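Report on one structure; see the data block that follows.
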Amino acid sequence: MRLSVFIADTLSNQLLIDLQKIYAGHLPPAALTEQAIEEQLVQADTKLYVTMFNERHIGAVNLKTQGTTAIFSQLSIRDLTRRRGVGKNLLKQIEKTITAEGITQIKYNLKEVLEDQYLATQAFFSDSGYTINNHIASKSLC
């Protein structure tokens, strides 16, 4: 399986459709409108990383930087492609990219995860080398 990971900086029709599928049930419909997603893409301090397979976006995560710390939010992999290494590949590629940019710490607040997905998400981050403390998954990138 060949996955590509990149920063989405423009909103195509396909990206809009795919993000609506990726985040269905995770974000309110108002956050998934064309206007809301376009507004998110132009924020200077936040990047939307997406992963693609066969010309479809199948996973996404927001990344905000604060000094040498990166903070993930809204990590989601499309239901049909979960448990196939897509999320781990997405994290690995982002970690590699941001390490080269001087980021030394990465965090994810698990309180944003839906209750029925909390334990699976916690296990996912633990398996990916993150430490969980007070609902925060964190990892040093050195």
Side-chain angles (χ1 to χ4, degrees), residues 1-101 103-141:
M1 172 164 63
R2 179 75 176 142
L3 297 169
S4 60
V5 175
F6 62 93
I7 297 170
D9 52 8
T10 57
L11 185 62
S12 67
N13 285 335
Q14 190 62 55
L15 179 59
L16 175 62
I17 291 166
D18 291 343
L19 287 175
Q20 289 170 339
K21 291 177 182 177
I22 291 167
Y23 287 120
H26 297 277
L27 295 177
L32 297 173
T33 65
E34 183 175 354
Q35 181 180 353
I37 294 171
E38 283 180 343
E39 288 173 5
Q40 179 185 351
L41 294 179
V42 298
Q43 291 180 10
D45 63 344
T46 304
K47 297 175 184 173
L48 177 66
Y49 283 85
V50 293
T51 187
M52 285 186 83
F53 179 70
N54 287 343
E55 299 181 27
R56 294 292 186 259
H57 307 87
I58 58 173
V61 66
N62 280 311
L63 186 115
K64 184 175 187 170
T65 55
Q66 296 176 339
T68 59
T69 301
I71 300 167
F72 281 139
S73 65
Q74 300 175 348
L75 172 65
S76 187
I77 305 300
R78 227 169 130 210
D79 290 343
L80 298 173
T81 55
R82 287 189 185 155
R83 302 198 187 285
R84 297 182 183 176
V86 174
K88 285 188 179 185
N89 183 69
L90 178 60
L91 287 184
K92 183 179 172 182
Q93 294 300 318
I94 293 171
E95 289 170 3
K96 182 178 176 182
T97 300
I98 64 176
T99 298
E101 296 172 358
I103 301 295
T104 59
Q105 181 79 18
I106 194 161
K107 297 180 181 183
Y108 188 87
N109 188 343
L110 293 168
K111 287 184 179 179
E112 77 172 35
V113 176
L114 298 173
E115 186 177 331
D116 65 334
Q117 297 176 5
Y118 185 89
L119 291 177
T121 304
Q122 185 179 20
F124 166 76
F125 276 104
S126 291
D127 290 347
S128 298
Y130 287 69
T131 303
I132 312 295
N133 189 8
N134 292 326
H135 305 286
I136 303 293
S138 64
K139 184 176 184 179
S140 293
L141 304 173

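Note that the structure is a prediction, hence the values are computed from the model and not measured.
Counting all heavy atoms, side chain and backbone alike, E55 lies closest to Q14 at O-CG, 4.1 Å. Of all heavy-atom pairs spanning I98 and A70, the tightest one is CD1-CB, 3.8 Å. Smallest separation of non-hydrogen atoms from I37 and A31: CG1-O, 3.9 Å. Taking every heavy atom of both residues into account, S140 and Q105 meet most closely at OG-OE1, 3.2 Å. The minimum heavy-atom distance linking S73 with V61 is given by the pair O-CG2, 3.4 Å. Minimum interatomic distance between L32 and L19 (heavy atoms only, all atoms of both residues): CD2-O, 4.1 Å.
Aromatic ring centres of Y108 and Y130: separated by at least 6.0 Å.
Looking at L11, L16, T33, T10 one by one, the single match for side chain to side chain contact (heavy atoms under 4.5 Å, CB included) with E38 turns out to be L11.
Counting only distance, with no hydrogens or angles, the side chain of Q93 and the backbone of V5 share no donor-acceptor pair below 3.5 Å. Within the 3.5 Å criterion, the main-chain N or O of K111 finds a donor-acceptor partner in the side chain of N109. Panel note: side chain T51, backbone S4; a donor-acceptor pair is recorded below 3.5 Å. Remark: side-chain polar atoms of S76 are paired, donor with acceptor, to backbone N or O of I22 under 3.5 angstrom.
Within a 6.0 Å sphere centred on CD of E101, heavy atoms belonging to other residues, nucleotides or ligands number more than 12. Around the CG atom of D127, the shell of radius 6.0 Å holds more than 12 heavy atoms that belong to other residues, nucleotides or ligands. In K139, the NZ atom is crowded: over 12 heavy atoms of neighbouring residues, nucleotides or ligands sit closer than 6.0 Å. For N13, the CG atom is loosely surrounded, since the number of other residues' heavy atoms within 6.0 Å does not exceed 12.
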Discussion item. Using the rule given for side chain to side chain contact (heavy atoms under 4.5 Å, CB included), can you reason through L3 versus M52, listing the C-alpha separation, both sets of side-chain angles and the distance that settles it, and then say yes or no?
Written reply: CA-CA 6 Å; L3 297 169; M52 285 186 83; over 6 Å; no

Worksheet item: Are K47 and K64 close enough, and set up right, to give a side chain to side chain contact (heavy atoms under 4.5 Å, CB included), and what steps lead you there?
Response: CA-CA 6 Å; K47 297 175 184 173; K64 184 175 187 170; over 6 Å; no

Practice prompt. Determine, stepwise, if the pair F125 / T131 fulfils side chain to side chain contact (heavy atoms under 4.5 Å, CB included).
Written response: CA-CA 8 Å; F125 276 104; T131 303; over 6 Å; no

Item to complete: Would you please test V50 and L15 for side chain to side chain contact (heavy atoms under 4.5 Å, CB included) and show each step?
Response: CA-CA 9 Å; V50 293; L15 179 59; 4.2 Å; yes

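With rounding to the nearest 0.5 angstrom, the OG1 atom of T97 is 11.5 Å from the CD1 atom of I103. Rounded to the nearest 0.5 Å, atoms CG (L75) and CG (L90) are 6.5 Å apart. Of the inter-residue distances, the one linking N89 atom CG with R2 atom CZ reads 8.5 Å to the nearest 0.5 angstrom. Between the CG atom in L110 and the CD1 atom in I136 there is a gap of 7.0 Å [rounded to 0.5 Å]. Rounding to the nearest 0.5 Å gives a distance of 7.0 Å between CD1 of I106 and CD1 of I94. Here the CG-NZ distance, from N133 to K107, works out to 10.0 Å after rounding to the nearest 0.5 Å.
In this structure, the side-chain hydrogen bond (donor to acceptor under 3.5 Å, both in side chains) partners of N62, at least two apart in sequence or on a different chain, are Q40, Q74.
The aromatic rings of H135 and Y118 stand perpendicular to each other, their planes meeting at an angle above 60°, with 30° marking the opposite boundary.
With no hydrogens or angles considered, a side-chain donor-acceptor pair links Q35 and E39 at under 3.5 Å.
Between I7 and L48, the closest side-chain pair of non-hydrogen atoms is not below 4.5 Å.
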